[in-house]
4 protein chains.
Amino acid sequence: MINSSAVGRKRDHSRDPEILRATLDVLADTGYADLTIEMVAARAGAGRGTIYRRWAGKDDLILAAIACTDRADLEADRLPDTGELRTDLLAMLDPDWLGGSERRLRILASVTAMMGRTPEAAAAVREAIVEPSVAAYRHLIQRAADRGEFPGPADVDALAQVIPSMAAHRALFLRQPVDLPFFTSIIDGVLLPALTRGGQSTHP
Amino acid sequence: MINSSAVGRKRDHSRDPEILRATLDVLADTGYADLTIEMVAARAGAGRGTIYRRWAGKDDLILAAIACTDRADLEADRLPDTGELRTDLLAMLDPDWLGGSERRLRILASVTAMMGRTPEAAAAVREAIVEPSVAAYRHLIQRAADRGEFPGPADVDALAQVIPSMAAHRALFLRQPVDLPFFTSIIDGVLLPALTRGGQSTHP
Amino acid sequence: MINSSAVGRKRDHSRDPEILRATLDVLADTGYADLTIEMVAARAGAGRGTIYRRWAGKDDLILAAIACTDRADLEADRLPDTGELRTDLLAMLDPDWLGGSERRLRILASVTAMMGRTPEAAAAVREAIVEPSVAAYRHLIQRAADRGEFPGPADVDALAQVIPSMAAHRALFLRQPVDLPFFTSIIDGVLLPALTRGGQSTHP
Amino acid sequence: MINSSAVGRKRDHSRDPEILRATLDVLADTGYADLTIEMVAARAGAGRGTIYRRWAGKDDLILAAIACTDRADLEADRLPDTGELRTDLLAMLDPDWLGGSERRLRILASVTAMMGRTPEAAAAVREAIVEPSVAAYRHLIQRAADRGEFPGPADVDALAQVIPSMAAHRALFLRQPVDLPFFTSIIDGVLLPALTRGGQSTHP
DNA sequence: CGATAAACGAGACGGTACGTCGCGTCTTCTG
DNA sequence: CAGAAGACGCGACGTACCGTCTCGTTTATCG
């Protein structure tokens, strides 16, 4: 390895989760711009130096905190499989994710703030948060299409983004809850109609 | 009036646009977090005091800069009216808006950053940027529906958010261009299919 | 005259004393460094512009305020003339001048502050305050010498500075009152002994 | 100790002299009113925060800079002792102190400026600068008197202030050099005559 | 088991931006 | 047109946070 010595005190990586949790707490409490490393260190009972030794700075720390949030429920083999797309989709609504808590909302907004900073930050957020969600919806829709649930061809890539896009938009920009009624209105008003009709417009 | 004195030198409000334009320039050049009042003042040829006298701080200034951006093209009577929804929608693609320029993208990201700060900021952005766009699409879709362009009922409120949501999502989170192919794929792959089929799912 | 027009409203020079008095008041209340033109203007019921139109700035204003203080009692023909130097000197003690009031003390300290700024300021203070006082004492001593009150020659220039120097030193640096006991101790302990002995040291 | 923490990086007090020297340099170069903390910090190669961490502000910094100037030559056991007062006094003339350099003069004027600010500042200057000088002259004069160098009693307290007072007056208010001719004129024209004659006036 | 070397909490360091305030100048309106 | 009121460009103030660097202490491995 590059940066490890055989001797000396070992870095206590058991503190990492503690610090990252403190980061998310402060992020939710005070927002991105008002978060200071000192606040995180104080809440984690750590020194600032310890944080700087592990992460490059504010953005890197927050990115790490975001990235380590458990998205295991979006892995392909843990997705709902009811045999019907509509019920699969409704089962995806995690009240604790986007719209459920003000906490999550503020964290999402903070993350968004960082995306404008560097391409690296944007890519990290995309990989950690955005892509898994889109991929999950793509999986469900593709599976339903493969089952022959819909008459014609469908633009699965576009449709897979409908729910993540609209949920984020609602939470971030409209600041309204991403709840069951909203989910139902998207599924029944946009997604399923589009699929039922097929991916082609009738307009020439 | 509330806050005007009959005497003394008048505040030169002809400088407002100059300063706000400088704000957007700096915002696009260096991003939200690295923007300083000094930069804006220097670019506008003003003193920092003059800016603080007019706006409460960084966020208020940026909000004002955003709010005064010209959205006249989204007013109802200036929207495209080709007699057919698809061509109307395609005519809405303003290459200078979301995806065309890196400038607009950075500004949008910066704005998003502020939405997590205060409810006031969020409401201001919503009213200045989000709502007008959604309202414009709602207008086009409702008009087409009134023309009887589609067979059944449609969830116009939900459908009106499809394009704004997905465009913002693509620009902000995917960092890909909001261009004609993308627009076409949404219109032909999501919006028009959903309308053609109607606003009701066939699922019981 | 250089700067007078035949027409228009005439500058109201009757306001000058009012403003200069306000200057001294503020100077005594808050000191040199904390004095602002705004304070003076407010106390005089004037606008800042009016002050800047008449004096070049803070230092010039204060200098003018100092210079116009009435030192008429130091003119040669108004000095005490009792026929004897000691009683003349004691009659010079103006309890309202140097040591009497904290007000005068603070003003003196403020003046001193300005002397380090420019040679012009120093010269102005010297001419307005220092020189007249030294000249008065020189006049008294010279007159007594001319009367033959003392046996030998005297270094009148040096001796004339004894009282002003020691009074200023006591007030400024020791911050003790320049009162009758102090005056008496200088006159009887320094000045008259030196004169009585004569201006020449006996040391070879 | 009062204000020391057991942990954390220690304040580097070896930088104090460097900063205080820079303070005196700037003070002499630009004067009291035009001195800025930034100038001092830049010249000392320090950050402004470091200065504010150690001293409360401009006045406190300058006071500290003054107070730490080396006055060791005024300690009793290092005073000249020629066996005769006149030569002792002449040996006191330090061309580098009051009048020799413009530098010292400007510093003295700056110090005087602060004496009007707070009683604390005045006391600090008095103790650091004024008192030691007066005490030194008192020592010399008292020793000569004890030797029986003069016929009668003398008001030593008053006489000890003659040279410091007149030197300060000459430098500050007359802005003339405190040099050997001046020193000689005071000693031979004021101080020694007064002592030779005695501390009592012949006037009834 | 003692030496040693890195990690740790704490906090000082050189910087930089903040938001405020006073400078001296310049409008604007009132008398 | 002088004067009050106050906005203007400028720049210093004192504070707070950045990311780095000592401090003295703790902890883990190696000799």
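Residue numbers begin at 1 in each chain, while the letters A, B, ... track the order of the sequences. These numbers come from the heavy atoms of this one structure, side chains and all, not from hydrogens, waters or symmetry mates. In this text, all values refer to a predicted model and were calculated from it rather than measured experimentally.
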- In residues 39-50 of chain C, what residues come within less than 4.0 Å of DNA chain F, judged by heavy atoms?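 Only C/Gly45, C/Ala46, C/Gly47, C/Arg48, C/Thr50 qualify.
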- Base, sugar-phosphate, or nothing for D/Arg15, non-hydrogen atoms under 4.0 angstrom? sugar-phosphate
- Task: Could you check whether D/Ile51 gets within reach of a base, just the sugar-phosphate, or nothing at all, counting any heavy atom under 4.0 Å?
- Result: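 If one applies the 4.0 Å heavy-atom cut-off, D/Ile51 turns out to touch nothing in the nucleic acid.
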- Query: Do B/Arg21 and B/Glu18 meet the salt-bridge criterion of a basic N to acidic O distance under 4.0 Å?
  - Reply: no
- Nearest nucleotide by nearest heavy atom, which residue falls closer to the 5' end of DNA chain F, B/His13 or A/Arg53? B/His13
- Map D/Thr36 and B/Arg11 onto DNA chain F by nearest heavy atom, then report which one ends up closer to the 5' terminus. B/Arg11
- Where the side chain of D/Arg9 is concerned, which of E/dG11, F/dC17, E/dA17 is the nearest nucleotide?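 Of the candidates, E/dG11 comes closest.
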- Item | Candidate nucleotides E/dG11, F/dA5, F/dG3, ranked by approach to the side chain of B/Val7 - the nearest |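 Of E/dG11, F/dA5, F/dG3, F/dA5 is nearest to the side chain of B/Val7.
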- Please give, in whole Å, the distance from E/dG22 P to C/Ile62 CD1?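 It is 15 Å, rounded to the nearest whole Å.
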- Residues in contact with DNA chain E, drawn from residues 17-27 of chain D - heavy-atom cutoff 4.0 Å: none
Taking the side chain as every heavy atom from C-beta outward, state whether [X] and [Y] have any atom pair closer than 4.5 Å.
| X | Y | answer |
| --- | --- | --- |
| C/Asp25 | C/Arg43 | yes |
| A/Lys58 | A/Leu61 | no |
| B/Met115 | A/Leu172 | no |
| D/Asp60 | D/Tyr52 | no |

- Message: With nearest nucleotide decided by heavy atoms, which residue, D/Asp12 or C/Leu35, maps closer to the 5′ end of DNA chain E?
- Response: D/Asp12
- In terms of the nearest nucleotide of DNA chain E, which residue is placed more toward the 5' end: C/Glu38 or B/Ile37?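 Of the two residues, B/Ile37 wins.
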